[in-house]
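Here the structure is laid out as structure tokens; the discussion comes afterwards.
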Amino acid sequence: MSTWIWDAFHRQTPNRLLLLRRIVTCDDAMVAGELHVAARGSFRVWVDGAFVVHHDVQSSNPGDDAVRVDLAPALTGRRQVEVVVGVHLLGIGTHHEPRALGGLWAEGRLTDASGATHPIDTDAVWQTAVPQGWRQGTQQAAWSTGFTEWSDRSLDDEHLGWTGAVPYPDDQRPRPYDRPVHEHPVDLEPHRQHVGHVPTAAWAGLALDTPDRAAALVAAGRIRLPGPPTDGAAGFVQYRLPHQLVGFLTLTVDAPTTTVLDVVMGEATDAFGWPTATRQDIAAVDTVVVPAGRTVHRFWHRRSFRELAVVGRSAAVTVIAEFASVTADRPDPVFVAEEDRYARMHAVSTATVRVGRQDLYEDCPLREGGHYVADARLQALFDLTTTGVADTSRRSLRQFAGTQDPDGMIPALSPSGTHHRIPDFSLQWVCHLDEHVRLTGDDALLAELEPALDRTTDWADGRWRNGRFDTDEPGWWSFIDWWDFTAEARSAAMDAQYAAALRSACALADRAGRPQRAAQHRARLEEVLRSLTGRLHHPHAAAILACALDTADARRLVDTTVFEGFVPETGYFAFALCRALVVLGAPTAARHRLDEHWGRMLDAGAGTWWERWSPDAGDDDQSLCHPWSAGPVLLLPMLACGVDPLARNEADARFAPVLHGVHAALHTPWGVVTT
């Protein structure tokens with residue numbers, strides 16, 4: 001009987017190429033065979049070292065959607081057959097319930113000349129190997145481990161080091177996705193920018209399987225020339241897309257002889273106009289060895305990109321590039337503005353949240369692609385209020401609860417092979433649950449996660465010491481925001497975040513019919529608020545508290561003058577500031593801040609929103625596609641409808657609209673509100 005298999009290392013960080021091998025020996029020559037494969041990501045199959053098939057899948061499970069592979073064409077009449085399956089765990093993202101699981105499930109058989117069958121089901125008899133010599137983890141290829149190496153169409157045992165496979169317990173088997181996936185074709189031709197060639201000398205002496213190949217492609221940005229290639233020079237085509245994309249790139253190639261293609265993808269261009277990441281040089285380098293004739297090569301790029309270059313190592317090669325963006329399916333937010341500036345601002349916001357919505361919410365698809373609490377909380381709010389779809393938000397909350405630390409702290413990042421202890425993110429998980437339940441009425445999820453909620457609030461209560469929230473532990477990091485905090489300002493912000501979690505915990509306990517628990521949280525909340533008296537001149541603490549409390553309490557404790565001269569650098573906290581101003585009765589000031597932060601970024605050429613804003617942000621050490629910065633996707637319809645969907649009651653939610661000439665819709669706890 002087959003089971004899911006992987007290797008011990010990738011049970012924690014399943015984001016590399018893994019080979020899985022089974023050797024079958026019999027008394028007669030093998031003549032036929034088939035294999036039904038389910039893999040969490042792309043896979044390739046070899047028989048006796050010969051390439052058989054390459055299949056890009058978003059996910060598949062045993063049953064109707066397992067992929068059938070015919071092994072007969074590769075069998076050569078031998079009595080011993082080596083079957084190898086290479087799996088690169090990507091799927092629609094690297095985040096799979098319940099523990100980022102992946103690997104391989106296969107069921108099949110080989111038939112020999114006598115008619116006897118030999119099963120090749122996946123179990124502990126299989127062996128695994130991570131091909132360390134295949135550029136995995138090299139600097140320039142950091143976002144692209146696996147595709148280049150698979151394209152060689154052959155295997156080399158020299159550095160593989162086969163070890164035993166690890167079967168998964170039955171309760172850890174990956175489950176099907178709970179929502180559909182949308183694949184949207186993108187026409188690349190209107191975005192073609194340059195056609196030219198790279199001198200032959202640029203590639204001299206480079207082996208196909210070394211990091212030098214990526215280094216040469218970095219150098220190619222300096223030495224590429226316009227015009228068709230001559231004298232065997234490598235030709236290139238370069239595209240610049242309007243927004244960051246993530247999905248499938250398909251290359252249809254006509255080549256007179258075997259040649260090599262290099263695919264270069266990045267989020268920006270370097271000083272020479274070549275695709276690059278802002279700090280890792282080339283963001284992705286994929287290489288494919290192309291046989292003679294017409295072939296089709298489909299790459300799954302879960303990392304976002306805006307810049308694309310395809311380099312062909314032969315003057316005679318012809319390449320047609322096609323792309324399909326992939327995201328969790330959602331209806332488009334309803335927003336039509338007469339003013340082009342706001343229409344573009346909303347379009348950039350929509351593009352940004354789209355690429356970050358995969359299996360779970362990703363913090364920055366080009367870089368970590370991590371599922372962080374603060375990022376996920378904001379992205380869930382964007383989903384719930386503009387589309388009304390709750391499945392990814394629900395999945396996110398469960399994922400964090402399922403990996404809760406023994407002391408009750410919620411991990412800042414999950415799934416992950418590292419251990420991030422960010423206390424304010426743990427507190428934000430409580431707020432995330434409260435907002436989800438308030439916007440969806442999902443009482444079943446509240447009941448399911450109530451034990452995790454109690455453990456988290458008990459942990460938080462235990463950190464309240466001497467009138468401060470204590471974060472002084474080895475390895476802990478109080479994030480709050482990318483800001484140069486003083487110790488006092490950070491402490492005030494942490495206490496405000498604790499107050500926010502307590503207010504959410506009160507609401508959840510009241511909703512669940514737990515008056516004793518609610519009273520406990522309310523008493524502690526009053527104590528924390530008293531301690532914050534005199535410390536709310538720190539703008540981060542003031543904004544966090546204003547967004548958390550009932551409107552009357554927020555206006556009693558926070559004065560809008562505290563934000564004078566405060567210019568948040570991140571879209572993450574610019575959103576918090578704008579919403580705080582709405583709560584405090586200053587929606588016109590919120591619109592001004594929105595225009596100032598996102599408008600200036602738009603003028604600087606943002607196609608997707610950047611992690612932070614500064615005049616030189618394009619060259620800054622940051623992500624240029626960061627969904628936590630997509631606040632206008634919610635703020636614009638809020639200001640147009642005159643409704644704050646995050647308010648705790650409808651009366652507090654209403655205010656006079658300050659954005660006109662707009663058709664928009666918001667999903668609120670009181671129904672859909674439209675202009």
Side-chain angles (χ1 to χ4, degrees), residues 190-191 240-244 306 330-356 378-379 381-388 560 563 567-610 612-615 617-618 624-646 653-668 672-675:
H191 308 294
R240 178 178 177 81
L241 284 302
H243 302 297
Q244 301 275 8
R306 192 179 182 187
R330 289 289 187 278
D332 287 333
V334 176
F335 186 85
V336 180
E338 293 177 359
E339 191 171 336
D340 178 66
R341 187 171 184 78
Y342 289 123
R344 288 191 296 126
M345 198 177 287
H346 192 270
V348 172
S349 302
T350 302
T352 306
V353 297
R354 183 182 293 131
V355 296
L378 269 189
Q379 291 178 75
L381 288 180
F382 300 157
D383 257 4
L384 296 173
T385 56
T386 65
T387 72
T560 57
F563 302 123
V567 181
E569 292 185 8
T570 63
Y572 163 67
F573 216 83
F575 173 81
L577 172 59
C578 289
R579 195 199 158 226
L581 289 168
V582 169
V583 171
L584 297 172
T588 301
R591 175 179 173 176
H592 173 73
R593 292 298 192 129
L594 183 147
D595 288 336
E596 187 176 66
H597 184 90
W598 285 281
R600 291 174 66 191
M601 207 187 312
L602 192 69
D603 293 341
T608 44
W609 296 126
W610 304 336
R612 61 180 79 170
W613 162 254
S614 63
L624 299 185
C625 182
H626 214 94
W628 79 0
S629 293
V633 79
L634 172 53
L635 291 171
L636 288 169
M638 275 178 59
L639 297 174
C641 293
V643 172
D644 176 6
L646 308 181
R654 301 285 180 172
F655 61 92
V658 296
L659 191 63
H660 305 287
V662 169
H663 172 56
L666 277 176
H667 296 257
T668 78
V672 178
V673 178
T674 61
T675 54

Donor-acceptor pair, [X] side chain versus [Y] backbone, under 3.5 Å?
X	Y	value
Thr352	Cys625	no
Arg341	Gly599	yes
Arg306	Pro242	yes
Thr675	Ala664	yes

Test item: [X] and [Y] side chains (from C-beta on) under 4.5 Å apart, heavy atoms:
X	Y	value
Leu635	Trp598	yes
Pro632	Trp609	yes
Val582	Leu639	yes
Thr385	Leu646	yes

Rounded at 0.5 Å granularity, tell me how far [atom1] in [X] sits from [atom2] in [Y].
X	Y	atom1	atom2	result
Glu339	His660	CD	NE2	11.5 Å
Met345	Thr350	CE	OG1	12.5 Å
Gln244	Leu624	CD	CG	6.5 Å
His191	Leu241	NE2	CG	6.0 Å
Arg354	Ser349	CZ	OG	11.5 Å

> If you look only at pairs with a residue in residues 585-594, which of them pass as a side chain to side chain donor-acceptor pair (under 3.5 Å), with sequence neighbours excluded?
Replying inline: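 Sorted result for residues 585-594: Tyr342-Arg591.
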To check you understand the geometry: which heavy-atom pair defines the closest contact between [X] and [Y], and what is its length?
X	Y	value
Pro568	Ala574	CG-CA, 3.8 Å
Gly356	Gln379	O-OE1, 3.5 Å
Val643	Phe655	N-CE2, 3.5 Å
Phe382	Pro627	CE1-O, 3.6 Å
Pro587	Ala656	CG-O, 4.4 Å

> Testing Val673, Val658, Leu659, Asp644 for side chain to side chain contact (heavy atoms under 4.5 Å, CB included) with Met638, which one passes?
Replying inline: Asp644
> Looking just at side-chain N and O atoms, do Trp610 and Ser629 make a donor-acceptor pair shorter than 3.5 Å?
Replying inline: no
>> Run the side chain to side chain contact (heavy atoms under 4.5 Å, CB included) test on Leu636 and Leu594 for me, step by step, so that the C-alpha distance in whole Å, both residues' side-chain angles and the decisive distance to 0.1 Å come before the verdict.
In response: CA-CA 9 Å; Leu636 288 169; Leu594 183 147; 4.0 Å; yes
>> Please evaluate residues Leu634 and Leu666 with respect to the criterion side chain to side chain contact (heavy atoms under 4.5 Å, CB included), reporting the C-alpha separation (whole Å), side-chain torsions for both, the decisive distance (0.1 Å), and the verdict.
In response: CA-CA 8 Å; Leu634 172 53; Leu666 277 176; 3.6 Å; yes
> Run the side chain to side chain contact (heavy atoms under 4.5 Å, CB included) check on His663 and Val334 step by step: do they pass?
Replying inline: CA-CA 7 Å; His663 172 56; Val334 176; 3.6 Å; yes
> Should the pair His346 and Phe335 be assigned to parallel (<30°), tilted (30 to 60°) or perpendicular (>60°) ring geometry?
Replying inline: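 Ring orientation of His346 relative to Phe335: parallel.
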>> Phe575 vs His597, test: side chain to side chain contact (heavy atoms under 4.5 Å, CB included). Steps then yes/no.
In response: CA-CA 10 Å; Phe575 173 81; His597 184 90; over 6 Å; no
>> I'd like to check the ring-ring contact (aromatic ring centres under 6.0 Å, His included) partners of Tyr572; sequence neighbours left out, ordered by chain and number.
In response: Trp628
